[in-house]
Amino acid sequence: MPSNDQAAIPPYRPQEIEPRWQGRWEADALYRTSDDDPRPRWYMLTMFPYTSGDLHIGHWYAIAPSDVAARYQHMRGNNVLFPIGFDAFGLPAENAAISENIHPHTWTYRNVERMRAQLRRMGASFDWTREVITSDPEYYKWTQWWFLQLFKHNLAYRKQAPANWCPSCQTVLANEQVIRHEGEAGRCERCESVVETRDLEQWFFRITNYADELLDFSAIDWPERIVTMQSNWIGRSEGAEIHFPFDAPVAGVDRIRCFTTRADTVFGVTYLVLAPEHPLVEPLTAPDRRDVVQEYVRAARAATEIERQSIVRVKSGVFTGASARHPLTNRLLPIWIADYVLPSYGTGAVMGVPAHDVRDFAFARQFDLPIPTVIAPPDWDGAPLPEAYVGDGRMVNSGDFDGLSVKEGQAAVAARLQEMDRGGPDVSYRLRDWLISRQRYWGAPIPIIYCAACAIVPVPEEDLPVLLPEDAEFLPTGESPLAGHPTFTQVACPQCEAPARRETDTMDTFMCSSWYMFRYLDPHNDREPVRRDLAEKWLPVDQYTGGAEHAVMHLLYARFFTKAARDMGVLPVGEPFARLFNQGIILKGGQKMSKSRGNVVAPDVWVDKLGADAVRLYLMFLGPWDQGGDWDDRNIQGLSRWLNRVWTLVLRPPERAPSEESARTIRRLTHQMIRRATEDVERFRFNTMLAAMMECTNALARERDAGPVDGAAWDEAVQALILCLAPSAPHIAEELWQRLGRPYSVHQQAWPAWDPELAASETVTLVVQVNGKLRDRLTVAVGLPESEARAAAEASANVAAHLAGAAVRKVVYIPDKLINLVVG
RNA sequence: GCCGGGAUGGCGGAAUCGGUAGACGCGGCGGACUUAAAAUUCGCUGGCCGCGAGGCCGUGUGGGUUCGAGUCCCGCUCCCGGCACCA
């Protein structure tokens, strides 16, 4: 085209049009969701961000495609709810408070302000009227209410438990704050001191009550990966409990209970092992063994569980001097203690079967304990085993169980023990109860009062919220920060009115995020967490998106909360999220972005340079969303260029002339594009969706440059392109839609439908092969009969050359695809 | 060690009910426009051979099934993620 045409259309200036449309949409409340809208509901949710400071490119990568999906559902005629909020309690605010000498509240709400503004620049279709901030009293009042409900239903309990204690920071650390990776395992992430264990009274939730139900994923459509991770985390093991009696009761107990998945090996037991923390260790230990046992226990307790699990697997342990009887042979079995037995799994006691367990084998070797074989490997010659044999085989040296397979033996032994009242079938889980106490300031206070007379008293619901005092001293002092507050702890017992003391721990922030998806439905309700009819209308969330790093934390806790709430009659559903999609991680130069690496991509810089639309598109285009990808400064140019081409395509009118042929071609391009874009957006394949639209743009430009186009078909094409682009690049789509004189807003138009007939091609490329090798490509009519296809193929000079006169033995014909002539 | 996921041009990635490998984009090369550059735009761009028509090779690696394999089966190598003394 002549260059002076270019002067005729205004340049594409995202910096000018994006803020203008954002202002207009907000003024018009375009994205406000009504609860009374009769259209089908669609609850689209993206994991709310933590108030960490600036919105980084990872937030954009998580949120922008989610916004595209929400906008698409809206265009499909659904009443879409797409809310946003902030996960605002937590340790980073306290750390910032300490290092920057600023109050956590100030720090957090300043970040909320900044992040709101940055989110608005993205042009996302959030309904801001439903925003929740978990550190608002209006919100955490109900977090505390949830605690009280769980307490009332016996799903919350208090017990003494070991916690990670940093002697330098003078505070308890969450497991996540203890370095786990090899070399530095068991150290504080802030000061690198060796973390100790301290016993503290802690609050727990009985998530283990729901272990089996949490293993049932049949009602939800989640990525296989997350399902597997949750299943492994819950770790259901079927086996048996086996009781080993004492000759005389010890501390009122007459037996040691062990859990095993290998009841079939019970005749191979040569010793028992207790975890050093096991309550029977003290009463069992013989007087002459006391010193050595106490020293071992002390050393074991000095290490954290994390440390114990990460040290090299050298077996250590000491003999207690006590013994128990074998339940089936009555043999005396020495009782040891060893730190390879974990106090928190099973019963904290293990039967040692050296021949058929690699850990027991190592232990027996270390301490010279007998290693009798009781499962015969195939072709076993009766010789001692060189290593633990854990495979299948027949039971031997096992009395009347000899000859049974491993599987048969497990059932038979468990049944026999049950008859004898010495145990029986049992199930064990890796999942532990959820420890929610935090000895920290910046969290929701646990609504509990301790009274000398009435013991543990829940705060009455009408007294909620228990406000977090603003004037607490939160610097690390070795005590829970609220404990040092002059008035917070002092309270009258709600039952007897005697002076009592408040609980001073706060709740794990994962509690706040376990129910936020319900609060969006009714964010300002001051009488209940969510109105029942709204929960019935909107739940479960139709589509949830977020990172896979929350697989066994947030996503598991949220499922637990929902099931508990259903059983308490609070919610009508047992699963919070019907569908889940995990986006991947965005990298820079193949590495995670971090301030210390100096490779953090700031979205604002790119919005200034190329516009939010280009940034959104690039994030969608750089690869499949679930695989993540690497940010490359150069590649984003391609998306910006494409937007410029779309801009020009729409605004520079082509030469028009009615034409059947041109109309057919343009409509075919259009409807093929709509079909591909629709199928791809449905599957969250945003990269190929955009590729389809780019191809259409390029093809339309070629049509235009080739001569006059059919005006009606052209207008349809351009409008369809804008509509398909609208969810992905909402600003330029709105601008072009307006410039075409179409009615505001493009975002309230219907997603275009494709007509299969218009999308269909009249001709196809038929691939011609000889013996499976490509020899020619023919353009033929759709649905060509085989005889004609064969004739056409054989007429090809190159095909004839390769046939070389040989007889065709077989013809493979896939209509509209390929014909393969097999010779020889 | 166990459980997932993956390996395709110079780069990011397309294509999996087995049927044209490399769509789309980046980068590169060449042309147009420009005093020049940038921007824009057009063409080419897996390797080797060939003037050309065309041929041979090619989806981590070694086998196999098939008229036909990136795709299915068996064996290996490497990379990423999760779990890790769970009895």
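Per chain, numbering begins at 1; letters A, B, ... match sequence-line order.
In this model, the phosphate group of B/C57 is approached by a side-chain N or O of A/Lys773 to a distance below 4.0 Å at OP1 or OP2. Contact annotation: A/Arg775 side-chain N/O to B/C56 OP1/OP2 distance is under 4.0 Å. Residue A/Ser428 places none of its side-chain N or O atoms closer than 4.0 Å to OP1 or OP2 of B/A87.
Separating the C1' atom of B/A69 from that of B/U65 is a span of 10 Å, rounded to the nearest Å. Distance noted for atom C1' between B/A21 and B/G68: 14 Å (whole Å). Here the separation of B/C17 from B/C72, taken at their P atoms, is 10 Å to the nearest Å. Separating the P atom of B/G22 from that of B/G58 is a span of 16 Å, rounded to the nearest Å. Nucleotides B/G28 and B/A38, compared at atom P, are 11 Å apart to the nearest Å. Here the separation of B/U59 from B/G46, taken at their P atoms, is 16 Å to the nearest Å. Of the C1' atoms belonging to B/G5 and B/C42, the separation is 42 Å, rounded to the nearest Å. Rounded to a whole angstrom, the distance from the P atom of B/G60 to that of B/G12 is 14 Å.
B/A39 atom C1' lies 16 Å from atom CG of A/Leu643, rounded to whole Å. Look at NZ on A/Lys810: it is 10 Å from C1' on B/G68, rounded to the nearest Å. Rounded to whole Å, the distance from CG on A/Asp264 to P on B/A87 is 13 Å. Per the geometry, CZ belonging to A/Arg432 stands 12 Å off C1' belonging to B/A84, to the nearest Å. For A/Leu610 and B/A39, the CG to C1' distance is 13 Å, given to the nearest whole Å. Counting to the nearest Å, the P atom of B/G55 and the CG atom of A/Asn771 are 14 Å from each other. Separating the CZ atom of A/Arg430 from the P atom of B/G82 is a distance of 16 Å, rounded to the nearest angstrom. Regarding A/Ile234, its CD1 atom lies at a distance of 15 Å from the C1' atom of B/C3, rounded to whole Å.
Partner assigned to B/G54 is B/C49, using Watson-Crick or G-U wobble distances below 3.5 angstrom.
Remark: A/Asn798, A/His802 in residues 794-803 of chain A come within less than 4.0 Å of RNA chain B through at least one heavy atom.
Remark: A/Tyr210 pairs with A/Phe560 by the ring-ring contact (aromatic ring centres under 6.0 Å, His included) rule, at least two apart or across chains. For the side chain to side chain donor-acceptor pair (under 3.5 Å) test, residues two or more places apart in sequence or in another chain that qualify with A/Arg645 are A/Asn698. With sequence neighbours left out, A/Tyr618 forms a side chain to side chain donor-acceptor pair (under 3.5 Å) with no residue at all. For the side chain to side chain donor-acceptor pair (under 3.5 Å) test, residues two or more places apart in sequence or in another chain that qualify with A/Gln410 are A/Asp264. In this structure, A/Ser428 has no side chain to side chain donor-acceptor pair (under 3.5 Å) partners at least two apart in sequence or on a different chain.
Within the structure, salt bridge (charged side-chain N to carboxylate O under 4.0 Å, His left out) pairs that include any residue of residues 628-641 of chain A comprise A/Asp632-A/Arg634 (at least two apart or interchain).
Taking the ring centroids of A/Phe686 and A/Phe684, they lie under the 6.0 Å cut-off. Here the two rings, on A/Phe367 and A/Tyr271, have centers that are 6.0 Å apart or farther. A centroid separation of less than 6.0 Å is found between the aromatic rings of A/Tyr557 and A/Trp434. Note: A/Phe581 and A/Trp625 meet the aromatic proximity criterion, with ring centroids under 6.0 Å apart.
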Table of protein N/O atoms under 3.5 Å from nucleotides 6-9 of chain B N/O atoms:
none

Under 3.5 Å between N/O atoms: give me all the protein pairs with nucleotides 69-71 of chain B, atom names plus distance.
none

Below 3.5 Å is the cut-off: list the nitrogen or oxygen pairs between protein and nucleotides 47-53 of chain B, distance only.
none

Residues 814-824 of chain A side chain polar contacts: donor-acceptor under 3.5 Å, at least two apart:
unit_1	atom_1	unit_2	atom_2	d
A/Asp816	OD1	A/Gly783	N	2.8
A/Asn820	OD1	A/Asn771	N	3.4
A/Asn820	OD1	A/Gly772	N	2.9

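Comparing A/Lys592 and A/Arg262, the nucleotide of RNA chain B nearest to each residue sits closer to the 5' end for A/Lys592. Where A/Glu224 and A/Ala701 meet RNA chain B, the nucleotide closest to each residue was compared, and A/Glu224 sits on the side nearer the 5' end.
Because its NZ or CZ atom is both nearer than 6.0 Å to the ring centre of A/Trp222 and within 45° of the ring axis, A/Arg559 counts as a cation-pi partner of that residue.
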Legend entry - Reading 5' to 3' through nucleotides 15-29 of chain B, protein heavy-atom contacts under 4.0 Å coded B for base, S for sugar-phosphate only, - for none: S---BB--BBSSS--

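Among the atoms of the strands shown, only primed sugar atoms or phosphate atoms (P, OP1, OP2) are found under 4.0 Å from some heavy atom of A/Val822.
The distance from the CD1 atom of A/Ile220 to the CG atom of A/Leu580 is 8.0 Å, given to the nearest 0.5 Å. For the atom pair CH2 (A/Trp631) and CD1 (A/Ile586), the distance works out to 6.5 Å, reported to the nearest 0.5 Å.
Using modelled atom types, one finds no donor on one side chain facing an acceptor on the other under 3.5 Å when comparing A/His243 with A/Arg422. Using modelled atom types and a 3.5 Å distance limit, the side chains of A/Arg432 and A/Ser344 yield a donor-acceptor pair.
Crowding of A/Arg683 atom CZ: a count of heavy atoms from other residues, nucleotides or ligands under 6.0 Å exceeding 12.
Without hydrogens or angle criteria, A/Trp642 side chain to A/Ala614 main chain gives no donor-acceptor distance under 3.5 Å.
Base orientation of B/G9: syn (glycosidic angle within 90° of 0).
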